[in-house]
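Each chain gets a letter, A, B and so on, in the order its sequence line appears, and its residues count up from 1. All values below come from the heavy atoms of this structure, side chains included, with hydrogens, waters and symmetry mates left out.
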4 protein chains.
Amino acid sequence: MTDTIIAGDVLRSYIERIERLEEEKAGIADLIREIFAEAKGNGFDTAVMRQILKIRKMDPHDVAEKDELLDLYRQAIGMPVG
Amino acid sequence: MTDTIIAGDVLRSYIERIERLEEEKAGIADLIREIFAEAKGNGFDTAVMRQILKIRKMDPHDVAEKDELLDLYRQAIGMPVG
Amino acid sequence: MTDTIIAGDVLRSYIERIERLEEEKAGIADLIREIFAEAKGNGFDTAVMRQILKIRKMDPHDVAEKDELLDLYRQAIGMPVG
Amino acid sequence: MTDTIIAGDVLRSYIERIERLEEEKAGIADLIREIFAEAKGNGFDTAVMRQILKIRKMDPHDVAEKDELLDLYRQAIGMPVG
DNA sequence: CTGCCATTTTACCGGC
DNA sequence: GCCGGTAAAATGGCAG
């Protein structure tokens with residue numbers, strides 16, 4: 001009996017803590033979006049910026065590997081590698 | 001020349017600010033994951049918890065959408081909305 | 001060597017089949033757009049039409065989801081589902 | 001009176017034609033997904049395949065431009081261009 | 001040309 | 001630890 005009530009409280013606590021953190025997370029996502037908007041307003045290409053961020057996050061070895069693979073595939077189907 | 005250098009500083013600043021915020025965001029995601037893990041350890045079903053969170057987030061939006069929908073149907077059959 | 005050539009043929013085949021299908025898909029999207037345009041020309045509100053389509057697509061799914069949700073809530077408070 | 005009935009039939013016709021086409025479109029999307037799955041099963045990297053498809057769809061001039069921009073940005077923030 | 005909506009891509013989580 | 005499916009974010013395209 002009491003178990004159910006207590007479990008309910010615990011569950012609600014979990015739920016509310018998660019909701020609070022998700023709000024924080026959303027707030028940070030907003031800030032990031034604002035920075036992209038500002039960068040765009042100053043003439044930067046946000047797609048290229050995202051690419052830069054992705055590369056910096058990746059293991060350099062993996063980057064090289066993917067690049068090689070792309071070249072390999074392009075050659076394999078007879079596309080100029082550029 | 002100088003243009004490039006200055007733009008480089010600005011760009012680097014944008015990139016680093018974004019990376020910093022993304023780290024924060026990832027940290028919060030970790031905290032959320034920990035709460036789920038703790039809840040799971042205490043016997044709660046995380047799928048159920050995720051559903052509850054989803055509903056609590058969606059419901060107000062859903063209500064608005066249903067209202068809008070009703071109006072749209074009334075339009076569709078040629079009934080005045082007011 | 002030969003491996004690369006053969007793999008190249010296979011890869012090119014995949015790529016071209018996908019491109020062909022994507023063209024078909026785009027063609028169908030065009031037809032859909034034409035129907036909307038025709039409907040609009042005949043005085044129908046395309047926004048309303050899109051809402052109707054959305055609802056007709058979502059409703060069965062939505063019903064199932066609500067049922068599932070009810071079960072989940074019963075679990076959450078420790079009630080047997082059956 | 002009759003107008004409403006007729007309009008209703010016309011609207012339903014539009015809706016059903018669109019739904020039919022959307023089904024076809026979804027069917028084609030399934031086929032594309034299957035090809036990717038098959039390619040993956042044969043050891044191809046689908047992410048790289050998608051990149052190939054994107055490049056082939058883009059104007060070659062735009063591709064070169066984006067590449068140059070990426071290099072420029074990398075230099076500007078002091079990243080090795082690779 | 002701006003906002004909106006569909007599609008696509010990415011990250012995440014649970015199962016094997 | 002990978003892999004498949006699922007939900008969130010982002011990109012692109014279209015109507016207005």
Taken to the nearest whole Å, CE/M49(B) to C1'/dT6(F) is 18 Å
E34(C) atom CD is separated from dC14(F) atom C1', nearest whole Å, by 14 Å
Subject >> Flag side-chain contact, heavy atom, 4.5 Å: K25(B) against L21(B) >> reply: no
Here the distance between atom P of dA6(E) and atom CD1 of I18(D), to the nearest Å, is 12 Å
When every non-hydrogen atom of A39(C) is compared with those of M49(C), the smallest separation belongs to CB-SD, 3.6 Å
Taking every heavy atom of Y73(D) against every heavy atom of D45(A), the minimum-distance pair comes out as OH-N, 2.9 Å
Heavy-atom closest pair (I52(B) atom, A76(C) atom, distance to 0.1 Å) is CD1-CB, 4.1 Å
Correct closest heavy-atom pair for F36(C) and L53(C) would be CZ-CD1, 3.7 Å
Would you list the protein and nucleotides 7-16 of chain E atom pairs, both N or O, that sit under 3.5 Å from each other?
residue	atom	partner	partner atom	Å
dT7(E)	OP1	K25(D)	NZ	2.1
dT8(E)	OP1	K25(C)	NZ	2.7
dT9(E)	OP2	R50(D)	NH1	3.3
dT10(E)	OP1	K54(A)	NZ	2.7
dC13(E)	OP2	R33(B)	NE	3.0
dG14(E)	OP1	T46(B)	OG1	2.7

To the nearest angstrom, the CD-C1' distance between E68(B) and dC4(E) comes to 13 Å
Atom CG of D45(D) and atom P of dC3(F) are separated, to the nearest Å, by 12 Å
In short, L11(D) meets F44(C) closest at the heavy-atom pair CB-CE2, 3.8 Å
